[in-house]
Amino acid sequence: MDELLRDLNPEQIEAVTHGAGPLLILAGPGTGKTRVVTRRVAHLVRSGADPRRLLAITFTNKAAGEMRERTAALDVPSGEITMATFHAFAARLLRVDGRAAGIDPSFSIVDEDDRSALLRAAVAELMGTGADAARKTAAEVSRRISFFKNAGKGAEDLEREDPFAGRVWREYEARLRAMNGVDFDDLLVLAEKAVSGGGPGDRRVDWRAAYDHVLVDEYQDVNALQYRIARALCARTRNLCVTGDPDQSIYRWRGADVENILSFERDFPDARVVRLVRNYRSTGAILRAADRLIANNVRRKEKTLTAMKGEGEPVRLLSSGDDRDEAESIGAAAAAEIASGRAPSDIAILVRTAAQTRLLEQSLAARGIAYALVGGARFWDRREVRDVIAYLRLVANPRDSVSFERIVNVPRRGIGEKTVEALRAHAARTGIPAPELARGRGPWPEGLARERAKLAPFARLIARLEASAAAGVAALVRAVIDETRYEAWLAESEGPSADERIENVRELVNDAAQFDREGEGRGLNEYLETRALAGDADSYDPAAPRATILTMHAAKGLEFPVVVVAGAEEGFLPHARSSDRIEEIEEERRLLFVAMTRAKDRLLLSWAERRAVAGTILPRVPSPFLREIGPVAEDGGGRRRDDPFSRPGEDLFFGREPAPSHYPAFSAGDLVRHSFYGPGTITAVRGSGPEAKVTVRFRDGAEKQLIVEFAKLVRVAAPG
DNA sequence: GTTTTTGCACTTTTT
DNA sequence: GTGCAAAAAC
């Protein structure tokens with residue numbers, strides 16, 4: 001046909017040209033998925049689809065931006081197409097139609113920090129303890145509530161399983177409602193309500209008929225709630241196109257459900273299914289290693305990727321004595337790559353946890369290698385930035401008590417915990433939010449007569465800020481900084497980091513000014529929204545001349561000529577916090593699969609014999625997954641700080657003496673010790689050898705299903 | 001009410 | 001080694 005189909009393979013053409021009706025594109029890593037989706041969008045528009053009636057859902061804001069650029073390059077009026085993440089789309093929908101879901105459209109988006117503060121307060125109240133005792137409980141309860149919300153379940157469902165968590169949910173919900181706040185999960189919950197039937201009937205837009213085509217990317221990481229939204233949005237036309245790869249599902253913990261792919265074929269039995277398996281990204285050696293790894297997942301549809309590139313160099317293994325040596329060797333490898341003419345931006349170092357980055361950063365910095373960090377301390381999490389943003393949020397939403405409490409005494413204006421506590425109590429009694437009380441709306445609390453004098457200037461300050469908001473977001477940010485004399489306060493309150501903080505605050509002014517310039521009639525709410533929903537990966541700029549250090553999760557969807565996987569050890573892969581349940585082990589395996597398949601030409605897997613974890617030095621063993629990958633070229637030692645890539649290496653089976661080569665046979669009644677859970681008794685055994693599953697009852701009464709291969713159980717003679 | 005000091009718990013992964 | 005929160009001192 002036209003140039004849209006040039007350089008596409010037959011499966012890709014099938015996906016691009018598919019007309020009406022449901023379409024499922026199963027796309028392995030590096031199979032040209034992004035290209036197919038952008039061409040498909042262009043093809044739809046050229047075939048007469050109205051771009052204003054197209055909706056493309058992506059996993060990150062950055063992916064949405066990229067799709068916009070790439071479709072624009074194909075002469076598509078991409079500005080007219082709605083491209084956003086589920087969360088951003090939901091937020092926009094609720095600004096228009098919040099009332100249909102029972103929410104005031106001037107709501108604040110409550111971020112993860114605010115959320116945990118609210119939950120901690122709710123838990124503390126219900127337990128009658130201090131905030132400290134509430135912390136751990138709150139973190140646990142928070143995860144459960146979030147998981148239930150994303151599964152499309154309500155407080156009553158959680159209450160049946162865990163009455164306390166259910167009560168916390170209701171209390172938390174009440175607090176959110178009082179401040180007109182909406183957390184990340186609520187965005188989806190409420191959007192689903194607004195889109196499908198159920199809520200109040202005064203909808204301004206018929207969402208079920210608003211789009212002719214809906215496209216959803218990274219479908220394997222979509223949760224039940226998101227799936228419901230997508231399905232409702234295309235209720236009329238059924239023109240739903242989803243793309244994903246079950247082997248790259250790495251957000252199960254956030255409620256993502258691979259079963260969605262199965263439900264898709266169930267809900268749309270007439271769906272066309274296209275499989276993309278020709279990999280154009282990685283060398284044969286890299287692909288083979290990744291394939292051997294993922295083949296170990298039992299709950300999986302068989303699928304083998306075909307390498308379209310040559311064999312390339314073997315995947316390499318770097319063994320180091322400790323984490324410092326590892327960082328040094330990796331830094332040396334990066335330096336050698338650059339010395340041989342490679343661009344720094346071609347190099348990525350992938351880690352499992354954000355905490356691993358520090359030594360790697362130091363190593364790169366010591367060699368003068370510029371690097372970017374994706375996922376780590378973010379600009380928007382800086383205290384000074386959050387302070388200024390809190391003022392903005394209070395202006396946008398006068399009921400935002402979380403922001404109010406954050407800045408009522410920042411900079412210091414003599415309003416202490418006692419005053420805030422009194423306001424909070426009065427707010428609970430009267431139902432009028434604390435920030436409104438502080439501004440003299442509603443009856444003044446008794447016994448706070450003296451505090452009134454201190455609060456009055458604050459009330460006037462907020463009123464002045466409200467007035468300046470009309471001149472744009474940047475004007476408001478400047479007003480906040482000037483009126484509160486924020487920079488002066490920073491300068492005197494903080495010693496060494498004061499300059500950096502002032503710099504950050506000024507950067508915020510720039511950011512707001514840029515928003516004002518680019519935004520067309522968009523206001524404060526939209527500014528706060530885009531910034532609240534800005535993700536980790538969104539800041540990544542592939543064109544910047546820098547190496548990249550990033551978490552494996554943040555690496556999803558990206559590719560690099562050279563990839564180093566740092567810390568390929570048991571404890572990271574699988575992570576010590578994940579359980580021995582097969583679902584979780586398999587997700588950890590998929591995570592390493594995603595990491596490996598980011599590499600185009602060179603892949604280095606690295607581990608260290610010792611590593612400082614939370615302050616203590618621990619002995620480490622290689623990730624059990626490395627054994628599954630099998631032969632790779634090994635770079636012995638690692639205490640040598642020359643280039644691991646350039647050394648000759650013969651193909652060796654990993655770990656000349658496979659770590660624990662014999663697995664003890666257990667039987668019921670055996671007394672054992674687990675490295676983490678401690679002593680216990682075997683109550684049941686299924687299977688034999690390394691794959692055998694044993695049930696162990698530990699001293700606290702908890703029973704765990706463990707796989708002998710991973711559990712490192714030791715038989716003991718006597719209990720304890 | 002504010003500042004400083006001590007103590008402790010912490011490290012998955014993120015929209 | 002770190003960052004946050006309660007306790008102690010100003």
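Numbers restart at 1 for each chain; the letters A, B, ... are given by sequence-line order, proteins then strands. Scope of the values below: all heavy atoms of this structure, side chains included, with no hydrogens, waters or symmetry mates. In this text the structure is predicted, and so the values were computed from the model without any measurement.
Atom CZ of R143(A) and atom P of dT13(B) are 12 Å apart (whole Å). With rounding to whole Å, D183(A) atom CG is found 15 Å from dT15(B) atom P. Between the CD atom of E140(A) and the P atom of dT11(B) there is a distance of 12 Å, rounded to whole Å. As a whole-Å value, the separation of R611(A) CZ from dT11(B) P is 18 Å. Taking atom CH2 of W380(A) as the reference point, atom C1' of dT15(B) lies 16 Å away to the nearest angstrom. Separating the CZ atom of F59(A) from the C1' atom of dT15(B) is a distance of 7 Å, rounded to the nearest angstrom. If you measure from atom CG of L558(A) to atom P of dT14(B), you get 13 Å, rounded to the nearest angstrom. Residue F147(A) contributes atom CZ, which lies 18 Å from atom P of dT13(B) at whole-angstrom precision.
Using a distance-only test at 3.5 Å, with no hydrogens or angles considered, no donor-acceptor pair links the side chain of R598(A) to the main chain of K556(A).
Both Y251(A) and R413(A) sit near DNA chain B, but only R413(A) has its closest nucleotide nearer the 5' end.
Ion pairing between E361(A) and R358(A) fails under the 4.0 Å rule for side-chain N and carboxylate O. Under the 4.0 Å criterion applied to side-chain N and carboxylate O atoms, E569(A) and R611(A) are assigned as salt-bridge partners.
For H575(A), whose side chain is taken as the heavy atoms from C-beta onward, the closest listed nucleotide among dT14(B), dT11(B), dA5(C) is dT11(B). In this structure, of dT13(B), dT15(B), dG1(B), it is dT13(B) that holds the atom nearest to the side chain of H553(A). Nearest to the side chain of W253(A), among dT2(C), dT14(B), dT15(B), sits dT14(B). Comparing dT3(B), dT15(B), dT11(B) by their closest approach to the side chain of A355(A) singles out dT11(B). For R352(A), the listed nucleotide lying nearest its side chain is dT13(B); candidates were dT15(B), dG1(C), dT13(B).
Outside the 6.0 Å centre-distance limit, the rings of F625(A) and F593(A) are not counted as a close aromatic pair. The six-membered or imidazole ring of W489(A) lies near that of Y486(A), with a centre-to-centre distance under 6.0 Å.
With a cut-off of 3.5 Å on both pairing distances, dT13(B) has no Watson-Crick or G-U wobble partner at all.
With hydrogens and angles left out, the side chain of R412(A) and the base of dT2(B) share no donor-acceptor pair within 3.5 Å.
Side-chain N/O atoms of T419(A) include one lying less than 4.0 angstrom from OP1 or OP2 on dG1(B). In this structure, R383(A) does not reach the dG3(C) phosphate: none of its side-chain N or O atoms is under 4.0 Å from OP1 or OP2. Residue R252(A) places none of its side-chain N or O atoms closer than 4.0 Å to OP1 or OP2 of dT13(B). The side chain of S578(A) contributes no N or O atom lying less than 4.0 Å from OP1 or OP2 of dT13(B). For N409(A), a side-chain nitrogen or oxygen approaches OP1 or OP2 of dT2(B) to under 4.0 Å.
F572(A) comes within contact range of no nucleotide atom at all, as no heavy-atom separation falls under 4.0 Å. Using a 4.0 Å heavy-atom cutoff across all strands shown, N61(A) reaches no nucleic acid atom at all. E112(A) comes within 4.0 angstrom of a nucleotide base, judged by non-hydrogen atoms across all strands.
Because its NZ or CZ atom is not both nearer than 6.0 Å to the ring centre of F107(A) and within 45° of the ring axis, R177(A) does not count as a cation-pi partner of that residue.
Nucleotides dC4(C) and dT13(B) have their P atoms positioned 15 Å apart, rounded to a whole Å.
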